[in-house]
2 protein chains.
Amino acid sequence: MLKFLCELASKDPVYPLQNRISRKQQAIADREQELLGIAFELVKQEGFANLTMERLTKLSPYSKGTLYNHFCSKEDVIVALCNAAMREELVLYRKARDFQGNSREKALAMHFAYLLASERNPVLFNCVLTAKSPFVQEKASQARTLMQQDLEKEITLLIDSLLAQAVEQQELRCDTESSMELMAFANWAMAFGGIALLLNARASHSISRLGGMNPFLFNLNTLLDGMQWQPLSADFDYQASWQRVAHEVFAAEMAELPASLQL
Amino acid sequence: MLKFLCELASKDPVYPLQNRISRKQQAIADREQELLGIAFELVKQEGFANLTMERLTKLSPYSKGTLYNHFCSKEDVIVALCNAAMREELVLYRKARDFQGNSREKALAMHFAYLLASERNPVLFNCVLTAKSPFVQEKASQARTLMQQDLEKEITLLIDSLLAQAVEQQELRCDTESSMELMAFANWAMAFGGIALLLNARASHSISRLGGMNPFLFNLNTLLDGMQWQPLSADFDYQASWQRVAHEVFAAEMAELPASLQL
DNA sequence: ACCTGAACACCGTTCAAGT
DNA sequence: ACCTGAACACCGTTCAAGT
């Protein structure tokens, strides 16, 4: 359940790796992962309102004081969870990038990874937004906030290099320097908006009426067509690419998902 | 500040209008508006974490028990605020629809209205998302939840009729029945995603690097081009339309905005 | 019938006392 | 040096007592 937290434990920069990490430091890092794992279970089961320092203390073998030794506030826990989620996303993005296909198919694979991450863990997806809001941000520790910015930069870098590759292969045109950044943002906005609405507003009229249709591929095809990213959706079977991504890249991750969710 | 709450007071269906509303019912409806106004100020100043039943009680002339007479829970207050925000949005959408121009320009005006609503009141914009999350929804009163669905339907209707009009005028093609609903959703997702990210993640790398550029028009032009909504952005000056909307439709609302925000 | 506010269980954060 | 848990101020919700 929380293996993603464990395997990333030693990477947390709050306790930076040294050539030889002291036993004590390692113990502290381990405990932090243990605490984050419990916090993760709390939000997973009942949403964010269910995460309280009180409950976190009671479910852990430690005292409140010790919790506050790791996290300067409740918000700090939230940002820490969000960072773990982003690290997990990064792993998926790297897999997506290696998909065999043209540049637009690779972009599709990246979006698939984003959607997959949100389906695997809906609450953490929302976490990423709330964690960025100024009210949360200002109560979190600086170390954790900086870490978040680093992770974000790393993701941005991946996207940028994909766009650059597409331009190089002449499948995408990019008139000015700045329009590349605008294109990156447009992709993020479209994907984020679609997922956030689907996750949170499933009951809403204009979403429930979509019935069994999968709006993601439609959204993406429309946006990428608007960017004139070749080949256009009229000339290529991106539905097939979407299926290929599911089977060739993310078969393992898909298998973990509840059967009710077909991407 | 909270005039939008007042003018809509009598419309709240929790206390439905009758041919002759009793004096007592009117008093109750008034008090509810008063309470919502205070709640609004609380979230406006310091975000949602600042809204507590405790503070709401203290800032009002009433007791806790009376508050719970109006709102069955804290979440119920949030949904009530969200509904007020949606009513305000509706007013803007109606103004946008009457913009003189081709169908795609009208769509632009609708998006402008959405953006304007979010700039006028960032916290309530977020409110609309959190208010739809299942955890909040299940703690709110049914009356308020139903009201929310009605408001949503009304907004959807406006969008749908604009799309239908565009198809009728042959500026937009719509192959199947369902693709209209997909197009409506794509517009919502793009607009929502862009605004939510801009509001909450201004500090994030891939947003801060956009600098002074306004990504909204880019996002919209790209999406609507992808939908093949005529005339395409290459053949029409939508930048000019955007300015026209600001001046011709929303001059009054723009004037209220802090000068730092140029749409 | 409606309003009040005391009461209860819970929460976030701190810090003196302990090891 | 680090851990503990009592203490404090605050919060959401309820309900017996009042009018």
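In what follows, every heavy atom counts, from backbone to side chain, and hydrogens, waters and symmetry copies are set aside. Here the structure is a predicted model, which is why all the values come from computation and not from measurement. So that the names make sense, note that chain A is the first sequence line, chain B the second, and so on, each numbered from 1.
Nearest nucleotide to the side chain of B/Ser63, out of D/dC3, C/dC3, D/dG5: C/dC3. Comparing C/dG12, C/dC2, D/dT14 by their nearest atom to the side chain of B/Asn69 picks out C/dC2. Considering only side-chain atoms of A/Tyr62, the nucleotide from D/dT4, C/dT14, D/dC11 that sits closest is D/dT4. When distances run from any side-chain atom of A/Glu54 to the nucleotides C/dT13, C/dC11, D/dC11, the shortest one goes to C/dC11. Which of D/dC11, C/dT4, D/dC3 sits closest to the side chain of B/Thr66 comes down to C/dT4. In the set D/dG12, C/dG12, D/dC3, the nucleotide with an atom closest to the side chain of A/Thr52 is C/dG12. Considering only side-chain atoms of B/Lys24, the nucleotide from D/dA7, D/dT13, C/dC2 that sits closest is C/dC2.
For B/Arg31 and C/dC2, the shortest distance from a side-chain N or O to OP1 or OP2 is not below 4.0 Å.
In this structure, CZ of A/Arg55 is placed 14 Å from C1' of D/dC11, rounded to the nearest angstrom.
Residues A/Phe112 and A/Tyr93 keep their aromatic ring centres 6.0 Å or farther apart.
The backbone N or O of A/Thr130 lies less than 3.5 Å from no partner atom in the side chain of B/Asn200, so there is not a single donor-acceptor pair.
Under the Watson-Crick or G-U wobble criterion, with both distances below 3.5 Å, D/dG5 is paired with C/dC15.
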